[in-house]
Amino acid sequence: ETLIVISSSIFGSFFPLLSHAFKEAPTAFRQLVSQAFLGLLLIGMPIALAGSLVSRDVILLFFGPKFAAAGLTLAILCWHTFFSFLAGLLANILIICGRQTVDMVISFFLVLLNISLNFYLIPRYSFHGAALATALTELVGMSAYFIFTLRDPRIKISFPLKELALASKVNL
């Protein structure tokens, strides 16, 4: 959850700029959205991947072998963080575009989904099930926000695949 502060800080600083650009400069708005999406992808993906790879070691380091099983839980929650980075951006974009009702409906559906998944997964998988319910809910939320932002003709997110490929070559 602490890592979500990163995306919240980005949203907090970007929100006024995006709001202004949406009203005054649609082309700049689309470009800013694409840059924010790329930035969050480049921050969130390494966190999820690295966190997944070292989660067991982190648990062992801080809590000892008695809690080693929590490594899987931490790995799952790292992916929740990644999904929430992107979902948060997309939710903010919908709000900027005046689609608060869509955001509210998605949020309500996600609450119901999370409760349902917890009822199903926790008895079967214990704390891993709770983490999985959280990550799956965020994945569904990110997907729903993604669908609604893609369907809004004012947004027109362009996927910066070329920039992403270049950035991944630099990071390798």
Side-chain angles (χ1 to χ4, degrees), residues 1-15 33-95 102-149 157 159-161 163-172:
E1 291 294 320
T2 303
L3 294 173
I4 295 176
V5 170
I6 295 169
S7 64
S8 298
S9 299
I10 292 170
F11 301 145
S13 59
F14 249 82
F15 195 87
V33 167
S34 295
Q35 289 171 350
F37 188 82
L38 176 63
L40 288 170
L41 199 59
L42 292 173
I43 293 168
M45 185 58 79
I47 289 171
L49 287 173
S52 294
L53 293 174
V54 301
S55 60
R56 188 173 190 282
D57 295 330
V58 168
I59 295 296
L60 288 172
L61 177 67
F62 287 105
F63 304 105
K66 187 176 179 181
F67 293 94
L72 177 59
T73 302
L74 181 58
I76 293 168
L77 291 174
C78 286
W79 287 98
H80 162 263
T81 300
F82 172 67
F83 300 142
S84 81
F85 277 20
L86 300 178
L89 173 65
L90 297 169
N92 276 289
I93 291 168
L94 284 177
I95 291 167
V102 172
D103 179 47
M104 182 184 68
V105 169
I106 291 171
S107 296
F108 180 73
F109 172 75
L110 293 176
V111 168
L112 296 177
L113 176 64
N114 188 259
I115 292 168
S116 301
L117 286 172
N118 275 298
F119 273 117
Y120 180 76
L121 294 172
I122 291 174
R124 286 162 181 76
Y125 305 107
S126 184
F127 52 94
H128 298 313
L132 189 56
T134 301
L136 288 173
T137 300
E138 201 65 48
L139 174 61
V140 169
M142 179 193 72
S143 301
Y145 286 120
F146 208 62
I147 289 166
F148 280 96
T149 54
I157 296 175
F159 297 99
L161 298 177
E163 292 87 348
L164 186 59
L166 290 173
S168 65
K169 285 181 184 177
V170 170
N171 289 334
L172 295 176

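The basis for the numbers below is simple: all heavy atoms, side chains too, and nothing from hydrogens, waters or symmetry mates. Just so you know, these numbers come straight off a predicted model, no measurement behind them.
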Nearest heavy-atom pair of [X] and [Y]: which atoms, and what distance?
X      : Y      : result
Met142 : Leu90  : O-CD1, 3.8 Å
Ala69  : Phe127 : O-CE1, 3.9 Å
Ala87  : Tyr145 : O-CD1, 3.9 Å
Ile95  : Asp103 : CD1-OD2, 3.6 Å

Can you tell me how far [atom2] of [Y] sits from [atom1] of [X], rounded to the nearest 0.5 angstrom?
X      : Y      : atom1 : atom2 : value
Leu42  : Phe37  : CG    : CZ    : 10.5 Å
Thr81  : Ile43  : OG1   : CD1   : 13.0 Å
Phe146 : Ile93  : CZ    : CD1   : 9.5 Å
Thr137 : Leu113 : OG1   : CG    : 4.0 Å
Ser143 : Glu138 : OG    : CD    : 10.0 Å
His80  : Phe85  : NE2   : CZ    : 10.5 Å

Legend entry - Pairs involving residues 58-76, ordered by first then second residue, that meet side-chain hydrogen bond (donor to acceptor under 3.5 Å, both in side chains) (sequence neighbours left out): Thr73-His128

Side chain to side chain contact (heavy atoms under 4.5 Å, CB included) partners of [X], counting only residues at least two apart:
X      : value
Val102 : Leu94, Arg99, Ile106, Phe148
Phe119 : Ile115
Leu121 : Leu117, Tyr125, Leu132, Ala133, Leu136

Legend entry - Main-chain N/O of Leu110 paired with Asn114 side-chain donor or acceptor, under 3.5 Å: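 Absent.
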
[X]: what forms a side chain to side chain donor-acceptor pair (under 3.5 Å) with it, not counting sequence neighbours?
X      : result
Ser116 : none
Asn92  : none
Ser84  : none

Legend entry - Those residues that, when tested against Phe82, pass ring-ring contact (aromatic ring centres under 6.0 Å, His included) (two or more places apart): Trp79

Legend entry - Over 12 foreign heavy atoms within 6.0 Å of CZ, Phe15: yes

Taking distance alone, no hydrogens or angles, what donor-acceptor pairs closer than 3.5 Å link side-chain atoms of residues 54-62 to residues at least two apart or in another chain?
from, atom 1, to, atom 2, distance (Å)
Ser55, OG, Ser52, O, 3.3
Ser55, OG, Gly71, O, 2.8

